[in-house]
Amino acid sequence: MSEPIVLGIETSCDETAVAVVEGMTIRSSVLASQTDLHARFGGVVPEVAARAHVEAIRPLVHQALSAAGVYSDQIDAVAATRGPGLAGALMVGFGFGKALAWSLGKAFYGIDHMEGHLFAPRLEFSDYGPPAVVLLASGGHSQIVHFAEWGTYETMGRTIDDAAGEAFDKLARFIGLGYPGGPAIDRESEGGDPHAVAFPRALRDRPYDFSFSGLKTAVVTYLEQAKERGTLPSRADVAASIQEAIVDVLVDKTFNAVETTGVRAVGGGGGVLANRRLRERIASEARRRGVEVFVPSGALCTDNGAMVAAVGVQRIRDGVEPTAWPADIDPGLALGT
Ligand code: KG4
Ligand code: ZN
């Protein structure tokens, strides 16, 4: 039997992303980033995001189909993110995807954005799959998920306040680096010493949960005092030390989960997993323990349409009924039990 061909649409935040995936092979993946639009506000403005999705979605769908060399009537289904995310932004991709599927007489699947991130490694590693522990860290969510089979996810730990990406973004703004903060701190850290300042690692007593809100206060206080003392470290040293504090906690807790569950595979997804230091640290910790790593390339960690399409392919393979036509977006959708 031929492999399913799915058109995936992602509009949960500030990227309009569309892809065509056949089986688990990416035929095309295109994206219109809104970074420049939001940069002058220092963060994503929901109304601006929704309008930009409206403008970008139709030409991007055409672009994805034509880059894939696929006619719209050749696809088996349309998959679109239904949550979590910004309501106005979600509505654009979800509504467009549903209307497109309806007009073509094809199936429609509403997809959990975080399941998309969890699934992304599958597009690069054919042997990625359960049982595994996956670190999901993005701008809005941070969690550690254990799964013993596709489709059934146990959230072992999560952030109790800010997401890891949010911490990167807020702290980058505070030390005068632009938006989005994650990539800016990643770059700035290159020439810095990760051990220059020992910022606190919160929630040491909880094996799988994170807390990042205290880090901001710690950085603010430290820099004020250092300024008074005249011992202000370089911005590269501050950036590298902030990055190390966030990465340390993410790596520690992920491998706590690996240890407890006894899995031999660790995966990663979400924009923060594009961080070079985090990727290095996960790889070296996994090597030390003889665990296999499934963290895809940066473009598959940050938001993309292919991860959404891939979950759609899996739904078809599993014989799952399409999403009912009256279904709506769910901005508060939470992955796992
Ligand atoms: O998954 P994603 O693309 O969008 C959401 O679902 O939120 O994640 C975006 C987040 C932002 O907070 C961004 O600063 C962060 O991922 N990010 C990074 C890096 N690239 C993106 N954080 C650290 N290092 C990076 N290289
Ligand atoms: Zn995301």
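As the structure is a prediction and not an experimental result, all values here were calculated from the model. All ligand and atom numbering here is 1-based and tracks the order in the structure.
Within the listing of ligand 1, atoms 23 (C), 24 (N), 25 (C), 26 (N) sit less than 4.0 angstrom from a heavy atom of N275. Within ligand 1, the atoms closer than 4.0 Å to a non-hydrogen atom of H117 are 1 (O), 6 (O), numbered from 1 in the order shown. Counting the atoms of ligand 1 from 1 in the order shown, those under 4.0 Å from a heavy atom of G140 are 7 (O). Every atom of ligand 1 is numbered from 1 in the order shown, and the set under 4.0 Å from a heavy atom of G165 is 12 (O). Proximity to H113 (heavy-atom distance under 4.0 Å) selects the following atoms of ligand 1: 6 (O).
For ligand 1, none of its N or O atoms has an N or O atom of F168 under 3.5 Å away. In terms of N/O distances under 3.5 Å, ligand 1 is approached by G271. Note: no N/O pair closer than 3.5 Å links G270 and ligand 1 by distance alone. Ligand 1 has no N or O atom lying under 3.5 Å from any N or O atom of S12, backbone or side chain.
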- Start with the C-alpha distance between E188 and R235, add both sets of side-chain angles, then the distance that settles side-chain contact (heavy atoms from CB on, under 4.5 Å), and finish with yes or no. CA-CA 8 Å; E188 183 75 18; R235 190 159 69 176; 3.7 Å; yes

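Between E224 and K227, none of the side-chain N atoms (NZ, or NE/NH1/NH2) sits under 4.0 Å from a carboxylate O, so this pair counts as no salt bridge. Using a 4.0 Å cut-off between charged nitrogen and carboxylate oxygen, R281 and E285 do not count as a salt-bridge pair. E47 and R51 are joined by a salt bridge, as a carboxylate oxygen and a charged side-chain nitrogen come within less than 4.0 angstrom of each other. Under 4.0 Å is where a charged nitrogen must lie from a carboxylate oxygen, and between K170 and E166 at least one such pair does.
The main-chain N or O of S12 is found under 3.5 Å from a side-chain atom of E10 such that the two form a donor-acceptor pair. Between the side chain of D14 and the backbone N or O of V44, no donor-acceptor pair lies under 3.5 Å. Between the side chain of K106 and the backbone N or O of I75, at least one donor-acceptor pair lies under 3.5 Å.
Residue contacts with ligand 1, taken as heavy atom pairs separated by less than 4.0 Å, involve D169 solely via side-chain atoms from C-beta onward.
Around the CZ atom of R58, the shell of radius 6.0 Å holds no more than 12 heavy atoms that belong to other residues, nucleotides or ligands.
Using a non-hydrogen distance threshold of 4.0 Å, C13 does not register as a contact of ligand 1. Ligand 1 has no atom lying under 4.0 Å from any heavy atom of R276.
Protein N/O/S atoms found under 2.8 Å from the Zn ion (ligand 2): H113 NE2, H117 NE2, D303 OD1.
Counting side-chain heavy-atom gaps under 4.5 Å among Ile, Leu, Val, Met, Phe, Trp and Tyr, the cluster of F41 also holds L37, V45, V48.
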